[in-house]
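Right, one structure below, let's go through it.
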Amino acid sequence: MNISINAERLLAELYTLSRMTDCPATEDTSLPEPTQAVTRIVFTSRDMEARAWLKKLATKAGFQVREDAVGNTFLRWEGSDPSLGAVGTGSHTDAIPHAGMYDGTVGVLGGLEAMRSLKEAGFQPKRAIETLMFTSEEPTRFGIGCLGSRLLGGVLDAATADALRDRLAETEPGAPEGLTLAQVRQQAGFEGSLSTVKLPQQYYDAWVELHIEQGPLLEREGIELGIVTNIAAPASYRYTLEGFGGHAGALLMPDRRDALCAAAELILAVERFALEANALAKAQGHSGVDTVATVGTVAVHPGAVNSVPSHVQIMLDIRDTDVARRNNVMEKLHAEIAAIESRRAVTITEETINADQPSHSDPRILAALEEACRAEAASYRTMVSRAYHDSNFMACVAPIAMLFIPCRNGVSHRPDEYSTPEQIVLGTRVLARTLATLAG
Ligand code: GLV
Ligand code: MN
Ligand code: MN
């Protein structure tokens with residue numbers, strides 16, 4: 001079968017979507033390629049604009065559109081045998097603050113383009129093919145990543161999800177809590193019970209997500225495509241540190257219980273333990289790069305230059321392909337936290353946001369991807385996904401795999417994130433071929 005993609009349409013749509021941004025900065029003309037700084041946070045008016053636009057594109061192409069109670073959006077091309085489980089693809093269109101224009105969007109618009117191109121070429125699938133746009137893959141607003149896919153996969157219960165708070169409303173620790181997810185999604189028009197979101201096990205016969213690599217390996221090795229064999233297990237935690245505040249001039253140094261100094265020690269301990277875990281793994285003959293840990297937010301109260309911080313909140317993101325190794329880092333961190341508490345007379349409380357399992361790709365879908373790469377004469381390698389993806393949670397209800405395209409310098413979650421038109425088109429073509437094979 002000859003698979004051809006409407007490259008112009010796909011690239012134009014990626015560009016149109018990138019313009020639906022809340023980012024104050026406009027196009028960065030200092031870069032060699034056009035890039036757009038994108039901020040598109042779930043259920044903001046920009047996100048709603050992007051959703052409406054996507055649904056219109058799907059309807060125009062003759063696909064059915066369904067939205068569930070959390071706003072996951074299914075674009076469905078019915079198969080000749082509707083009794084069979086569908087073949088799913090897709091990703092997310094939400095974007096963290098000041099992000100790029102390719103993370104997630106390539107998988108959503110690539111999925112739609114794959115379906116459209118196959119349809120226009122006269123292909124009739126036996127199984128339905130669906131492109132899914134997940135709600136809030138990014139944790140920006142509700143503090144937890146992959147919100148929509150966690151609910152689809154049944155790893156987050158409805159009541160816990162609905163009680164999640166809008167974190168954007170909190171400017172500092174102790175500020176009044178934001179609205180709940182239940183309130184925010186209702187305002188956005190998604191009113192049903194979240195308990196209806198979980199998918200039945202047979203809903204998808206196969207699931208495959210197209211995404212930019214977000215790392216440097218494909219580009220560095222000059223390989224066109226990455227076939228993902230497993231996704232590293234993410235976990236995240238919120239730490240609240242309570243010390244004692246006061247006047248920055250008058251509160252004497254021996255009397256201090258500075259919550260931010262305690263947080264600084266905790267942050268450096270995180271880095272130290274992750275490095276130690278990697279060094280040990282390397283000594284044992286492993287890759288020695290699989291443990292990654294980041295503290296990416298710090299909120300300081302009262303946040304004044306002349307006031308000693310009394311109250312700090314930080315968030316830790318830690319991932320590993322090996323959950324035991326990740327747990328080991330956490331154990332060391334817990335011991336260090338106890339030591340910081342007693343040394344500095346502060347209290348530190350830990351709240352687990354998520355502590356997930358890794359996922360493994362299905363051999364049948366991996367084989368279909370490899371076959372599609374060979375048919376397109378594309379070079380490929382198998383690889384680990386160190387970023388998390390909605391596919392990690394789709395793995396709870398479906399056999400999954402992922403397909404990566406390279407991105408410039410491995411950069412992602414930045415405005416200069418970039419994949420070439422050729423890379424995007426090739427990825428989409430291989431996706432289309434894989435969907436066609438899986439859908440029969
Ligand atoms: C996804 O955005 C991730 O942080 O891996
Ligand atoms: Mn992302
Ligand atoms: Mn993504």
Side-chain angles (χ1 to χ4, degrees), residues 14 17-18 21 23 35-42 47 50 72 89-111 131-150 167 207-218 226 228 230-237 289-297 315-321 326 353-359 383-395 400-407 410-419 424 427 431:
L14 274 167
L17 181 54
S18 77
T21 171
C23 205
T35 52
Q36 173 73 38
V38 180
T39 299
R40 195 166 42 241
I41 293 167
V42 65
D47 177 51
N72 292 315
T89 189
S91 195
H92 60 100
T93 56
D94 66 326
I96 65 162
H98 218 72
M101 59 176 272
Y102 301 96
D103 174 9
T105 57
V106 167
V108 175
L109 294 174
T131 294
L132 215 171
M133 191 279 292
F134 294 100
T135 284
S136 198
E137 191 265 356
E138 302 292 5
T140 315
R141 186 157 189 182
F142 293 102
I144 187 165
C146 301
L147 181 56
S149 53
R150 280 175 195 277
R167 299 264 153 201
W207 168 268
V208 53
E209 177 175 358
L210 172 66
H211 205 281
I212 61 168
E213 182 196 345
Q214 304 183 285
L217 299 181
L218 292 173
V228 173
N230 55 322
I231 304 176
S236 61
Y237 302 86
V289 292
D290 283 337
T291 309
V292 282
T294 309
V295 174
T297 69
M315 285 191 71
L316 164 66
D317 175 312
I318 174 166
R319 312 177 190 208
D320 207 312
T321 50
R326 189 185 77 193
I353 310 293
N354 62 293
D356 299 304
Q357 295 298 311
S359 65
M383 62 196 305
V384 177
S385 172
R386 298 176 193 286
Y388 60 68
H389 298 283
D390 292 304
S391 292
N392 200 43
F393 302 98
M394 294 307 281
I400 65 127
M402 290 188 71
L403 179 64
F404 279 173
I405 59 169
C407 55
V411 162
S412 182
H413 283 185
R414 280 178 21 187
D416 55 338
E417 175 181 276
Y418 181 70
S419 294
I424 294 166
L431 175 69

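Counting convention: from 1, in listed order, for ligands and their atoms alike.
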Angle subtended at the Mn ion (ligand 2) by OE2 of Glu138 and NE2 of His413, nearest 10°: 110°
N, O or S atom within Asp103 nearest to the Mn ion (ligand 3), by name: OD1
Donor on one side chain, acceptor on other, His413 and Asp103, under 3.5 Å: yes
Donor-acceptor side-chain pairing of Asn392 and Ser359 below 3.5 angstrom: yes
Heavy atoms of other groups near Arg414 CZ, more than 12 under 6.0 Å: no
Within the 4.0 Å heavy-atom sphere of ligand 1, strictly under, residues: Glu137, Glu138, Arg319, Ala387, Tyr388, His413
Closest heavy-atom pair and its distance - Thr131, Gly90: CG2-CA, 4.2 Å
Residue His92, metal the Mn ion (ligand 2), N/O/S under 2.8 Å: no
The Mn ion (ligand 3) to nearest N/O/S of His389 less than 2.8 Å: no
N/O/S atom of Glu137 inside 2.8 Å of the Mn ion (ligand 2), strictly under: no
Between CG on residue Asp390 and CG on residue Leu147, distance to nearest 0.5 Å: 9.5 Å
Side-chain donor-acceptor contact under 3.5 Å, Asn354 with Ser236: yes
